[in-house]
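Here the structure comes first, spelled out in structure tokens, and everything after it is commentary.
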Amino acid sequence: MHNHSARSGGTMQKATESAPAIEIAGLNKYFGDFQALSDVSLNVNTGEKVVVCGPSGSGKSTLIRCVNRLETHQSGTIRVDGVTLDGSRSALDTVRAKVGMVFQQFNLFPHLSVLDNLTIGPRRVRGLSDTAARDLAMHYLERVQIPEQADKFPRHLSGGQQQRVAIARSLCMEPQIMLFDEPTSALDPEMISEVLDVMVELAESGMTMVCVTHEMGFARRVADTMVFMDHGRIVESSPPDTFFTAPESERCQTFLKQILSH
Amino acid sequence: MRILTVLFLSLLLSGCASSNWGWYVVDPTTTTGANNIRFLLSGLGNTVLLSLTAISISIVVGLLVALPGLSERPALRRFNRVYVELVRAVPILVLILWVYYGLPQVTGLAINVFWAGVIALALSDSAFQAEIFRAGIQSINRGQYEAAHSISLNYRDTMRYIILPQAIRRILPALGNQLVYMLKMSSLVSVIGMQELTRKANELVVSEYRPLEIYTVLVLEYLVLIMVVSAGVRWLERRMQADERA
């Protein structure tokens, strides 16, 4: 499995130590005529936590959605754990097996119980027996602290609980990398912390994480690298200390002032 | 609904007294009447069997035609469009005649009345089923596919376990509609000699010369049959909703 010890503030310079978990180079992505990503390059090392922020429409969600190819890119390369996303089925399958994703809208399967939401992947994809899948699911439900909700349906859970189920569903596939696409943006304020707590715990366990989020408290706490995007470009990429105290670009300064003003 | 039924029945009953009606043909207290009723009802099994077989096939075919319609490949989408437009343009009666009298000449295989009816009804209905499934599947949020992809479910499993179970719940009322429609359209298969409800009524009319009474009974037969089916579909809808709420 992956190297847990690489957690200590890996940045791009550390790429030589271990193979980067994610290597993105010269990435361009268009929606019709609109260029959503312009020449984006980013390396994420194993165990590294990257927090991506930026104004809406800056391409941050698109960027992480490209990593497990929910969006296809037009040019540039994306390599996940050494496997290049070249449009082939086998590369896609390999990468998706390594990468878990948590969505803003949870996207739980509403017709399946919490337990079935969690076991469907392990059973159908990883070929686990019903009992093994169930044990695995309960293990991760305990980890996100809602084992008592196993037999309920998603609609009976609060937003925070649903998002924790979604995280557990991803973890049941035992991914090496977790992508979070604004995981707390659809939540009521009082539910944000229960999701962030789970994410912090996950970060501390050594998981490689790329999080698109505006939760700067979380970012300060877990990020090894902060990435600021605007208009489809990475404007700034630095460790949180530098990022929060001395952001280089004016655009980033304005952005931080706006979201940290309250 | 109840008021309409009462009105309809009282109209019939008031007619019983008038000399224009001859309810004796279907009077269960007489031997002839009872035999006639038995004769009319003896078509029920075939009507139900024909309709259920045809709709089972048309649902499967409809789904198989709907899926290429949702593909990213233009060629597959074109196949879906051509099939739907072509098949739904043919009147059911014409299709029945064509399958029964025409198809054996092409294939060299004689088809019995039942299977000719099933093929024609199923073929005709499949175009509509295809559109119903396409609409139902398209109504499912994109996020469901993305979540399924993100846990590596392949296309088949995504459809089978994630998309279709949700889509079918949504299209259940439309499927119920098609079943009712199918039960009614199965009467058309009487023209090639299928011994179902309408055919039995036609045959009895020829021997008894009492079209008004016999066709009235036929109307009631379809009415009751379809009310039972509708209640069944409603029950299924409620049960599926309850499943989700459980």
Correct closest heavy-atom pair for B/Ile162 and A/His111 would be O-CE1, 3.3 Å

Of the non-hydrogen atoms in B/Ile151 and A/Met173, which two are nearest, and what is the gap between them? O-CE, 3.3 Å

State the CZ-OG1 distance between A/Phe109 and B/Thr158, to the nearest 0.5 angstrom. 7.5 Å

Greatest number of heavy atom pairs closer than 4.5 Å to chain A - which of B/Pro165, B/Gly143, B/Ala148: B/Gly143

Pairing residues for A/His214 by the ring pair (Phe, Tyr, Trp, His ring centres under 6.0 Å) criterion, not counting sequence neighbours: A/Phe255

Got a second to check how far A/Leu70's CG is from B/Arg142's CZ, nearest 0.5 Å? 8.0 Å

What pair of heavy atoms forms the shortest contact from A/Asn68 to B/Ser150, and how long is it? ND2-CB, 4.0 Å

Around atom CZ of B/Arg81, are there more than 12 heavy atoms from other residues, nucleotides or ligands closer than 6.0 Å? yes

One should read off an interatomic distance between B/Tyr161 OH and A/Asp116 CG, to the nearest 0.5 angstrom, of 11.0 Å

Those residues of residues 126-133 of chain A, ordered by number, that approach chain B below 4.5 Å (heavy atom to heavy atom): none

Residues that B/Tyr181 engages under side chain to side chain donor-acceptor pair (under 3.5 Å), provided they are two or more places apart: none

Please check if atom CZ in A/Arg143 has more than 12 non-hydrogen atoms from other residues, nucleotides or ligands closer than 6.0 Å. yes

Looking only at non-hydrogen atoms, find the nearest pair between A/Leu108 and B/Gln144 and report the distance. O-NE2, 2.8 Å

Heavy atoms under 4.5 Å from chain B: which residues of residues 78-105 of chain A carry them? A/Arg96, A/Ala97, A/Val99, A/Met101, A/Phe103

Against chain B, label A/Arg69 side chain, backbone, both or neither, depending on which of its atoms sit under 4.5 Å from a heavy atom there. neither

